[in-house]
Amino acid sequence: MEILTTGEMEQADRLAIAGGVSGFALMLRAGQAVANAAADLAEKGPILVVAGCGNNGGDGFVAATELAARGYEVSLILLGERDSLKGDAALAAKGWKGPVLPCDLSALGSPALIIDALFGAGLNRPVKGDALATIEAIMANGAPVLSIDLPSGINGTTGAVMGAAIRATETVTFFRKKPAHLLLPGRIHCGRVRVADIGIADTVLDEIWPVTFENTPDYWQGAFPAPHIDGHKYARGHAVVVSGHLTSTGAARLSARGALRAGAGLVTVLSPDDALGANAAALTAVMVRRMNGAAGFAEVLADRRLNACVIGPGAGIGQETRALVSTVLAAGRALVLDADALTSFADTPDRLFETIRQSGSSDIILTPHEGEFHRLFSEMSNKHPLRSKLERVRNAARRAGAVVLLKGADTVVASPDGRATIAANAPPWLATAGSGDVLSGIIGGLLAQSVAAFEAACMGVWMHGETGREAGPGLIAEDLPEVLPAVLRRLYDRFEIDY
């Protein structure tokens, strides 16, 4: 599903109005959707609407009017003067026949539900004064909160808290989600998110051309690599994972097993001499092959059937790893660079990016966490709390000339062409040692099956999140490849693929 920036949502509204739907009609439908959600959250008891003076407040007036007509006891507090309401919000206020109470925080009382209609997705400055006090009073009240569009105090573009923000039980948004519904910390403040149809036709997207999407199977279904009944293992590609030396071999094995479970026909761990015995003793379906240094790597890659590589998990930091990366880039293979492979270029990131561009390959993926991202893209790091993770990753992908995947609970994947996805399915127990190594392997296994880099990264992130859910609390990284078949079966069922 498309994700719209606040500017794109404003454009969607304008296009709908230009197509013959009045702005007030959109507001009426939005308010009615809010009333429906409120009725679900509070079957009985008083409801308090706390409205601002913009269109978000107008939605609140409509919701209050609708709920009162259904027999609910409704009160409405306005943060501001009624005379300051303009346009559709003023029309909505005329429909409300009850009193408009001043912003007296002692009057919040003990409602069954508070409807937060203070600010919408367009908030771009810190809340202060009465607005800040109101948000804090709502949070101190303890009643469930239904937010309209976004919890007040959340920046719709970045998901940042603008000084203080509502922590909603549920949020009703309209037409499409906004970045802040998925990016942290905004997603935490939203609670459950309900997307309401308010009469904006999907055809407006043909003119908006959104390039941000929620990372779900619906987005990449067409690229999913289902094997053919007459296929064979060589048709499903051969992934190679580069192992580090004897004391750091486990990460490569985790990655290799992830690649094999993700569907690569063959997977080989390339091992230096001192680690050969350890890797061979621990692996069965994954093959092990001796490889020493960049020259040995070049010999291995002379076999064109080895079509995808993973370098980084446990590889070691320094010149040796940099040489391996340069070798595989020169060989033109699909490539996942993670962990030590990224840190090895921390002092000379432009050297890596230039080598990527010279390779001419479009199937290269960088998979940093925040620390590694900062080392490679220090000018795009998250030192400023209001900087959008989405835009940071987009800018990094353009600079690197590669797909960039910034890991986290709200993993963002971006392509140099501007496309990006945000994932929201990762459980907290994925934050464990080795989890990222398995992710790199899953993506490498998809690349081996000739999935394009951007789609492979998106698929890998979603599948990784679902394996975490499947394994459940207490998981360790070794569990993830073992539960991946259950996730794949669900995908096959969803896509109606025979197996």
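Computed from a predicted model, the values in this text were never measured in an experiment.
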Are [X] and [Y] close enough that a side-chain donor and a side-chain acceptor fall under 3.5 Å?
X	Y	result
Arg261	Thr467	no
Asp498	Tyr492	no
Thr343	Arg375	yes

Salt bridge or not between [X] and [Y]? Use side-chain N to carboxylate O under 4.0 Å.
X	Y	value
Asp197	Arg29	no
Arg392	Glu370	yes
Arg357	Asp350	no

**Asked** Taking only residues at least two apart or on different chains, which pairs with a member in residues 201-222 satisfy ring pair (Phe, Tyr, Trp, His ring centres under 6.0 Å)?
**Response**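 Output for this query lists Phe213-Tyr219, Trp220-Trp462.
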
For residues [X] and [Y], determine if any side-chain heavy atom of one lies less than 4.5 Å from a side-chain heavy atom of the other.
X	Y	answer
Gln32	Ile198	no
Leu484	Ile442	yes
Asp363	Leu335	no
Thr173	Arg194	no

**With sequence neighbours excluded, residues passing salt bridge (charged side-chain N to carboxylate O under 4.0 Å, His left out) with Arg176** = Glu2, Asp202

Donor-acceptor contacts under 3.5 Å from residues 78-91 side chains, at least two apart:
residue : atom : partner : partner atom : Å
Arg82   : NH2  : Ala93   : O            : 2.7
Ser84   : OG   : Glu81   : O            : 2.5

**Request:** Just grab all the salt bridge (Lys or Arg N to Asp or Glu O under 4.0 Å) pairs involving residues 42-67, residues at least two apart or on different chains.
**Result:**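 Passing the test, one end in residues 42-67: Glu66-Arg70.
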
**Asked** Got a sec, which pairs hit side-chain hydrogen bond (donor to acceptor under 3.5 Å, both in side chains) with one end in residues 410-430, sequence neighbours left out?
**Response** Lys389-Asp410, Ser415-Asp417, Asp417-Arg419, Arg419-Glu455, Asn425-Glu466

Check residues 432-441 and write down every donor-acceptor pair under 3.5 Å in which the side-chain atom is one partner and the other belongs to a residue at least two apart or another chain.
residue : atom : partner : partner atom : Å
Ser435  : OG   : Leu430  : O            : 3.0
Ser435  : OG   : His464  : NE2          : 3.0
Ser440  : OG   : Asp338  : OD2          : 2.8
Ser440  : OG   : Gly436  : O            : 3.3

